Amino acid sequence: MDTAYIATPLGPAKLEGDGNGISSITVLDEEVSPTGILPDSLKEAANQLNEYFNGDRYQFSLLLNPKGTDFQKKVWNALVEIPFGKTVSYLDLSKELGDVKAIRAVASANGKNPLWIVVPCHRVIGSDGSLTGYAGGLHRKKWLLEHESPVKQQSLF
């Protein structure tokens, strides 16, 4: 398994993967120096993440290989279908997956998503529009949603 670290506007990110795909992208709270020479298996993921943060990428096209249960993978596949700049509620997501009563299981699977940003769990919000739990911290979720918002706030001063 190859590992690399890249700098992002939200802190360092740890990328893990190999020839079978990207298995994990995690934002870190501690300072870590970016990896000098990236392993070939992680170069494209790093490139696409940089394009995303620069505002030049709205969709990822990477070979993914996350570890999880069949149910978790089903939820993560549904997350990938949420368009850039849009949000859905946990309730909407559980309805889409065919079981309104599975809302807690859907929320749990969402929270265990190992592929930060690429599988956009940050696009799932509470039914009342609130920014509910986010493994990377609510400040990062807010930043990501604002970054993807079609309406950009401008400063008057």
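All figures in this text were calculated on a predicted structure; none of them were measured in a lab.
- A single hydrophobic cluster is not seen to contain both Y5 and L15; linkage of ILVMFWY side chains at heavy-atom distances under 4.5 Å, directly or through other members, places them apart.
- Counting only heavy atoms from C-beta outward, the side chains of V32 and K14 never approach each other to under 4.5 Å.
- Residue V80 is grouped with residue V124 when hydrophobic side chains (ILVMFWY) are merged at heavy-atom distances under 4.5 angstrom, including chains of intermediate members.
- Taking the six-membered ring where the residue is Trp, H147 and F84 present perpendicular rings, their angle passing 60° and hence far from 30°.
- Judged purely by atom type and a 3.5 angstrom limit, T35 has no side-chain atom pairing as donor or acceptor with the backbone of L38.
- Using a 4.5 Å cut-off on side-chain heavy atoms (C-beta onward), I6 and L49 make contact.
- Taking each heavy atom of A7 and N50 in turn, the nearest pair found is O-OD1, 4.1 Å.
- Note: I22 CD1 to L115 CG = 8.0 Å, rounded to the nearest 0.5 Å.
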Go through it in stages, so that I can follow the logic: the residues are K43 and D40, the test is salt bridge (Lys or Arg N to Asp or Glu O under 4.0 Å), and I'd like the CA-CA distance, side-chain angles, deciding distance and then a yes or no. CA-CA 5 Å; K43 283 180 181 174; D40 288 343; 3.0 Å; yes

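- A heavy-atom distance below 4.5 Å is found between the side chains of K141 and I125.
- No donor-acceptor distance shorter than 3.5 angstrom exists from the side chain of S149 to the backbone of L145, with no hydrogens or angles considered.
- The CE atom of M1 lies 9.5 Å from the CG atom of L42; values are rounded to the nearest 0.5 Å.
- Under the salt bridge (charged side-chain N to carboxylate O under 4.0 Å, His left out) criterion, E51 pairs with R57, sequence neighbours left out.
- Distance CG/L10 to CG/D29: 11.0 Å, rounded to 0.5 Å.
- We find the OG-CG distance between S24 and N113 to be 9.0 Å, quoted to the nearest 0.5 Å.
- A 4.5 Å side-chain heavy-atom check between L144 and F53 finds at least one atom pair inside the cut-off.
- Rounding to the nearest 0.5 Å places CG of N20 at 12.0 Å from CG of L64.
- Looking at S130 and T132, their side chains never bring a donor and an acceptor atom within 3.5 Å of each other.
- Residues W116 and Y58 fall within the same hydrophobic cluster, defined by Ile, Leu, Val, Met, Phe, Trp and Tyr side chains chained together at heavy-atom separations under 4.5 Å.
- Note on ring orientation: taking the six-membered ring where Trp is involved, the planes of H122 and Y134 are perpendicular (angle over 60°, cut-offs 30° and 60°).
- One hydrophobic cluster, built from ILVMFWY side chains closer than 4.5 Å, holds both W76 and F71.
- Using a 4.5 Å heavy-atom threshold, the side chains of I25 and V119 count as separate.
- Rounding to the nearest 0.5 Å places OH of Y52 at 5.0 Å from CD1 of I117.
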